[in-house]
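When a residue number appears, it is its place in the shown sequence, counting from 1. Just follow the structure's listing: the first ligand is 1, and inside any ligand the first atom is 1. The structure displayed is predicted, hence computed values, not measured ones.
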Amino acid sequence: MWNFKNAARELAPVVRAFPAHPVQVLKAMPDEWRQRMGRTSVQDADFDPDWNEHLHGLLGAPWPCPEVKRLRDLLEEVGQLLTEKGFGTGLHTYGWYSDADVDMCTAIWCAVRHTQPETVLETGVAHGVSSRVILEGLNLNERGRLWSIDIANPLNFAVHGQEGAAVTEECRRRWTYVEGESSKRMPPLVKEIGKVDLFIHDSLHTFKNTLFEMEQAASVMQAGAVMLVDDIRSHDGFTVFARRHPEFKTIYVSTLDGIGAIGIAVRS
Ligand SMILES: C[S@@+](CC[C@H](N)C(=O)[O-])C[C@H]1O[C@@H](n2cnc3c(N)ncnc32)[C@H](O)[C@@H]1O
């Protein structure tokens, strides 16, 4: 909730960063403000309470899903690792940014395990919770590679160095971390990879950036490919994409904590 105490706590690192990095801070502020203060036209009724069962339907996977227990154990391990490193895990533990929550991780895990992707592309790493979940899934599948595009927190320099902290050495052999803004890095990378089987958006959650990333990924997605788009409550990027692309079947998810929202799009 936005109140004076929260605002002061969130602004403190920005004020500290400004004298040393004025250009970066000033450049990042408008978009950071947009993603915090934006709204969506998606209504409560649009969210699907049985989203997980319906996702499995779209993936042609069994329901109830036998994979859930394995993911819960993995998330516990990831939480312990981040706590041991002194970073914490969950909401707002990478500056204003949060680790992927349990619903997002569940959707990612099931997409990786059930579709056995060869090429996975994600934007937004931070602690690397989602990256770790993807990479553990690829290891179990014994196939596939992950490319992750990310910049370190543009407004909180105190958390720099924590990027990818959740990703173990064992997982890194299937991982390419691409440093830079998705608007610049994604077009050449998409061209280089040539095909994306699974795309995960968790970077800058503005209308323009989300829609841009989805269009980029869609341009190289074939039937059965999956997109998981985090934080769709602050803009209408996901909804506009869904209207433009009827070839994608969509599901709207309100996360367990009622704060987050995820868009799922599966190419038919
Ligand atoms: C919500 S966090 C990602 C959380 C991560 N998926 C996880 O599960 O731990 C968002 C990340 O995207 C990065 N980011 C912000 N704007 C970006 C941009 N334009 N391009 C790429 N990454 C960006 C942030 O610095 C941060 O590392």
Using the ring of each side chain (for Trp, its six-membered ring), is Phe199 parallel, tilted or perpendicular to His201, with breaks at 30° and 60°?
tilted
May I ask you to identify, for [X], whether its side chain, its backbone, both or neither come under 4.0 Å of ligand 1 on a heavy-atom basis?
X	value
Ala152	backbone
Ser131	neither
Asp230	neither

For the pair Glu76 and Arg72, find out whether any cationic side-chain nitrogen is under 4.0 Å from an anionic carboxylate oxygen.
no
Would Glu179 and Arg185 pass as an ion pair if we require N to O under 4.0 Å?
no
Polar contact flag for Gly124 and ligand 1 (N/O pairs, less than 3.5 Å)
yes
N or O contact, Ile149 vs ligand 1, cut-off under 3.5 Å:
no
[atom]: the protein heavy-atom neighbour that sits closest, reported with distance to 0.1 Å:
atom	answer
atom 5 (C) of ligand 1	Val125 O, 3.0 Å
atom 25 (O) of ligand 1	Ile151 O, 2.7 Å
atom 15 (C) of ligand 1	Tyr97 OH, 3.3 Å
atom 13 (C) of ligand 1	Asp150 OD1, 3.3 Å
atom 20 (N) of ligand 1	Ser182 N, 3.0 Å
atom 19 (N) of ligand 1	Leu204 CB, 3.9 Å

Just which atoms of ligand 1 are under 4.0 Å from any heavy atom in [X]?
X	answer
Asn153	25 (O)
Ser130	5 (C), 6 (N), 7 (C), 8 (O)
Ala100	7 (C), 8 (O), 9 (O)
Ser98	1 (C), 2 (S), 4 (C)
Tyr94	26 (C), 27 (O)
Glu181	20 (N)
Asp202	1 (C), 2 (S), 3 (C), 4 (C), 5 (C), 6 (N), 10 (C), 11 (C), 12 (O)

List the atom pairs, with distances to 0.1 Å, where a side-chain N or O of residues 15-27 and a protein N or O form a donor-acceptor pair under 3.5 Å, not counting sequence neighbours.
unit_1: Lys27; atom_1: NZ; unit_2: Glu181; atom_2: OE2; d: 2.8

Any chance [atom1] of [X] has more than 12 other-residue heavy atoms, nucleotides or ligands included, within less than 6.0 Å?
X	atom1	value
Lys195	NZ	yes
Asp44	CG	no
Lys85	NZ	yes

Donor-acceptor pair, distance only, cut-off 3.5 Å: does the side chain of Asp99 make one with the backbone of Gly90?
yes
For the side chain of Arg145 and the backbone of Thr119, is there at least one donor-acceptor N/O pair under 3.5 Å apart?
no
Minimum heavy-atom separation for Leu138 and Leu146, please, with both atom names.
CD1-N, 4.0 Å
Just checking His56 against His114, ring centres under 6.0 Å apart?
yes
Min heavy-atom dist Thr123 to ligand 1 below 4.0 Å
no
Take His245 and Glu215 through the side-chain hydrogen bond (donor to acceptor under 3.5 Å, both in side chains) test and state the conclusion after the steps.
CA-CA 10 Å; His245 292 274; Glu215 291 289 1; 3.0 Å; yes
